[in-house]
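Everything quoted here is computed from the prediction, not taken from an experiment. Below, each value reflects all heavy atoms present in this structure, side chains not excepted, and no hydrogens, waters or symmetry copies.
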Amino acid sequence: MRIDVFTIFPAMVDAPLSESIVQRARTTGRLDLRVYDLRDWTHDRHRTVDDSPYGGGPGMVMKVAPIVEGLEAVLGVDLASTRVLITSAGGIPFDQGMARDLATVERLAIVCGHYEGIDQRVVDLVGAEEVSIGDYVLTGGELAAAVIVDAVTRLLPGVISPDSIDDESHADDLVEYPHYTRPAVYRGHPAPDVLLSGDHAAVDRWRHEQAVLRTRRNRPGRLATDTEG
Ligand code: SAH
């Protein structure tokens with residue numbers, strides 16, 4: 001899969017995606033990630049990417065031209081068929097379902113906002129989707145883009161074992177069961193006996209019960225039975 005990211009702080013996007021599993025996906029060619037500096041599509045000596053908002057108010061707004069021209073230069077005729085996301089605190093919530101959906105496309109582009117946000121005309125001109133990674137406000141969309149790329153990449157074929165993906169939190173309504181590893185007892189705290197019993201059916205039952213308890217505790221209202229009862 002190819003992902004093109006447009007930002008005024010390329011290192012902020014590249015750094016978290018240059019380690020561990022995502023870095024391996026890049027080296028093996030499963031993820032072709034390219035990060036572009038939007039200042040490459042400015043036309044003035046100062047390489048200006050932002051300006052004060054029409055209508056007044058605080059902060060600066062990212063200009064429409066460098067973004068549209070950058071997308072056109074990099075994507076060319078593929079722009080029409082490429083999903084273009086814009087990071088936005090007020091966007092559609094990004095979740096595991098959207099990650100699964102995005103993992104099926106061949107090409108994706110992500111534009112990172114900064115300062116107060118992006119001139120809204122980018123959305124109309126390129127048919128972009130505004131996406132939020134959660135109900136809080138970041139200084140810029142770079143970390144949000146990294147979150148999206150990370151969540152999508154681990155779902156690409158061959159990046160991690162399919163078993164890990166089927167069972168995990170958000171695969172269904174339940175969050176995942178708790179994990180334990182050696183030693184069996186640490187500072188008087190034992191790992192649950194059942195996990196050391198070798199009885200796979202009992203382990204599965206226990207994990208399911210724990211997943212339900214943990215979902216109820218951490219994500220109340222998430223289970224259908226909670227809302228019905
Ligand atoms: N004035 C904006 C906030 C700007 S934050 C508002 O009230 O909605 C600066 C930039 O950070 C945004 O343009 C966006 O690209 C990014 N950003 C901030 N919070 C985000 C979030 N929760 N999800 C995705 N992007 C976010």
Evaluate the side-chain proximity of [Y] to [X]: yes if any heavy-atom separation is below 4.5 Å, no if none is.
X    : Y    : result
C112 : V5   : yes
V203 : L195 : yes
Y115 : T139 : no
I21  : T153 : no
L31  : V22  : yes
I110 : T87  : yes
V122 : M62  : no
H208 : L174 : yes

Considering non-hydrogen atoms only, spot the tightest contact between [X] and [Y] and give its length.
X    : Y    : value
P53  : P58  : CG-O, 4.0 Å
A211 : Y177 : CB-N, 4.1 Å
Q23  : S18  : OE1-CA, 3.3 Å
V159 : A25  : CG2-CB, 4.0 Å
T82  : A109 : CG2-N, 3.9 Å
I160 : S164 : CD1-CB, 4.4 Å

Check whether any side-chain N or O of [X] sits under 3.5 Å from a backbone N or O of [Y] as a donor-acceptor pair, and report yes or no.
X    : Y    : value
S197 : D199 : yes
R30  : P157 : yes
S169 : E176 : yes
D37  : D40  : no
S52  : M60  : no
T48  : D44  : no
R39  : R47  : yes
S161 : D163 : yes

Going by the angle between their ring planes, with limits at 30° and 60°, are F6 and Y36 parallel, tilted or perpendicular?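 Ring orientation of F6 relative to Y36: parallel.
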Atom [atom1] in [X], atom [atom2] in [Y]: separation rounded to 0.5 Å?
X    : Y    : atom1 : atom2 : value
L155 : D101 : CG    : CG    : 11.0 Å
D50  : D119 : CG    : CG    : 12.0 Å
R207 : D167 : CZ    : CG    : 7.5 Å
L108 : M1   : CG    : CE    : 4.5 Å
D78  : R107 : CG    : CZ    : 4.5 Å
L143 : D150 : CG    : CG    : 12.0 Å

Step by step, would you call R26 with D14 a salt bridge (charged side-chain N to carboxylate O under 4.0 Å, His left out)? CA-CA 11 Å; R26 293 174 75 175; D14 194 57; 3.1 Å; yes
With side-chain contact (heavy atoms from CB on, under 4.5 Å) as the criterion, how do D95 and H170 come out once you've worked through the C-alpha distance, each side chain's angles and the decisive distance to 0.1 Å? CA-CA 9 Å; D95 61 8; H170 311 303; over 6 Å; no
Return yes when atom [atom1] of [X] has more than 12 non-hydrogen atoms of other residues, nucleotides or ligands closer than 6.0 Å, and no otherwise.
X    : atom1 : answer
D166 : CG    : yes
H200 : NE2   : no
D193 : CG    : no

Looking at E168 and R154, does any basic side-chain N land under 4.0 Å from a carboxylate oxygen?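 Yes, E168 and R154 are salt-bridged.
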E106/R2 under salt bridge (charged side-chain N to carboxylate O under 4.0 Å, His left out): CA gap, chis, key distance, verdict: CA-CA 6 Å; E106 263 169 46; R2 175 162 158 193; over 6 Å; no
Transitively linked via ILVMFWY side-chain contacts under 4.5 Å: [X] with [Y]?
X   : Y    : answer
V84 : I148 : no
W41 : V111 : yes
I86 : L125 : yes
L17 : I133 : yes
L75 : V35  : no

Do H114 and F9 have ring centroids that are under 6.0 Å from one another? yes
One pair to check against side-chain contact (heavy atoms from CB on, under 4.5 Å): T42 and V49. What are the steps and the verdict? CA-CA 7 Å; T42 52; V49 286; 3.7 Å; yes
Chi angles and distances behind the side-chain contact (heavy atoms from CB on, under 4.5 Å) call for M12, T7: CA-CA 9 Å; M12 256 181 104; T7 167; 5.8 Å; no
